[in-house]
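Index from 1, following the sequence. Since this is a predicted model, take the numbers as computed values, not measurements.
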Amino acid sequence: MAQQEIAVIVGSGPGLSASLARLSTKEGMKVALAARNTHKLNGLIKEIDGRAYRCDASQPSDVASLFGSVAKDLGEPNLVVYNASGRVRGAITELDPEAVRQTILVT
C-alpha cells in the first residue's frame with residue numbers, strides 16, 4: 001500500500017490556501033495548514049480533516065519548527081505551498097519602506 005502524500009500550506013487563509021487545501025484533500029492528501037492565527041482555520045480544518053500549526057513565516061525558527069512538527073505528526077511533506085505575504089497594499093509611491101522590506105522578507 002502506498003503511503004499517503006502530505007501537503008503543507010504556509011500562510012493559510014480563506015482564499016487561495018483554502019481552495020488548495022480542499023483540492024489536496026480531494027486528491028487524497030493529508031493537509032497541514034500553517035498560519036499566524038490558527039483559530040481562523042478551525043472550520044477549514046474540520047472540513048478537510050486537516051491539521052493546523054501556528055507559524056509566523058517571517059521567523060526562520062517558526063518555519064523550522066513547523067516542518068519538524070509536520071514530519072513528526074504526519075510524515076515528510078510531498079507538496080509545500082508557500083502562500084505567506086505581508087499586508088502591504090497601496091500605491092508604490094505611498095508605501096512605508098519598512099513595511100515593504102518586511103513583506104519581502106516573508107515572501
Side-chain angles (χ1 to χ4, degrees):
M1 183 172 145
Q3 187 174 9
Q4 190 173 16
E5 293 185 325
I6 298 154
V8 177
I9 302 174
V10 181
S12 298
L16 177 62
S17 296
S19 295
L20 291 171
R22 289 181 185 104
L23 178 62
S24 297
T25 300
K26 185 177 178 180
E27 293 296 319
M29 299 181 89
K30 293 180 190 177
V31 177
L33 300 174
R36 285 181 287 205
N37 299 311
T38 57
H39 69 277
K40 294 180 180 180
L41 301 174
N42 289 340
L44 180 60
I45 289 297
K46 288 178 185 174
E47 176 187 336
I48 66 167
D49 192 27
R51 303 263 322 235
Y53 296 85
R54 193 217 160 275
C55 178
D56 180 344
S58 70
Q59 301 300 314
S61 61
D62 276 17
V63 175
S65 178
L66 165 68
F67 284 97
S69 294
V70 169
K72 178 182 167 213
D73 297 343
L74 303 175
E76 293 294 331
N78 306 88
L79 171 69
V80 175
V81 176
Y82 195 82
N83 194 41
S85 68
R87 303 197 185 277
V88 177
R89 304 232 183 333
I92 191 73
T93 56
E94 298 174 10
L95 297 178
D96 172 32
E98 180 57 22
V100 172
R101 187 180 85 72
Q102 288 300 317
T103 296
I104 292 168
L105 289 175
V106 170
T107 56

Is there a path of hydrophobic side-chain contacts, each under 4.5 Å between heavy atoms of I, L, V, M, F, W or Y residues, that connects [X] with [Y]?
X     : Y     : answer
Ile9  : Leu66 : no
Leu23 : Val8  : no
Leu20 : Tyr82 : no
Val81 : Leu44 : yes

Query raised in the report: Is there a donor-acceptor pair under 3.5 Å between the side chain of Glu5 and the backbone N or O of Gly28?
Result: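 No: the side chain of Glu5 does not pair with the backbone of Gly28.
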Requested in this report: Assess whether side-chain contact (heavy atoms from CB on, under 4.5 Å) is satisfied between Val63 and Val10, documenting all intermediate values.
Outcome: CA-CA 9 Å; Val63 175; Val10 181; 5.7 Å; no
Requested in this report: Evaluate the side-chain proximity of Arg54 to Asp62: yes if any heavy-atom separation is below 4.5 Å, no if none is.
Outcome: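 The answer is yes; the side chains approach within 4.5 Å.
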**Report entry** Spatial distance of atom CD1 (Ile48) from atom NZ (Lys26) [nearest 0.5 Å]
**Finding:**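 It is 14.5 Å, given to the nearest 0.5 Å.
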Query raised in the report: From Ile45 CD1 over to Leu33 CG, what is the distance, rounded to the nearest 0.5 angstrom?
Result: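 Nearest 0.5 Å value for the CD1-CG distance: 4.0 Å.
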Requested in this report: Could you tell me which residues satisfy salt bridge (charged side-chain N to carboxylate O under 4.0 Å, His left out) with Glu47, sequence neighbours excluded, listed by chain and number?
Outcome: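 Applying salt bridge (charged side-chain N to carboxylate O under 4.0 Å, His left out) to Glu47 gives Arg22.
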Exercise answer: donor-acceptor pairs, residues 69-79 side-chain atoms, under 3.5 Å, sequence neighbours excluded:
residue: Ser69; atom: OG; partner: Ser65; partner atom: O; Å: 3.1
residue: Asp73; atom: OD2; partner: Arg51; partner atom: NH2; Å: 3.1
residue: Asp73; atom: OD2; partner: Tyr53; partner atom: OH; Å: 2.8
residue: Asn78; atom: OD1; partner: Ile6; partner atom: N; Å: 2.8

Query raised in the report: Quick one: side-chain hydrogen bond (donor to acceptor under 3.5 Å, both in side chains) partners of Ser17, sequence neighbours excluded?
Result: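 Only Asn83 meet the side-chain hydrogen bond (donor to acceptor under 3.5 Å, both in side chains) criterion with Ser17.
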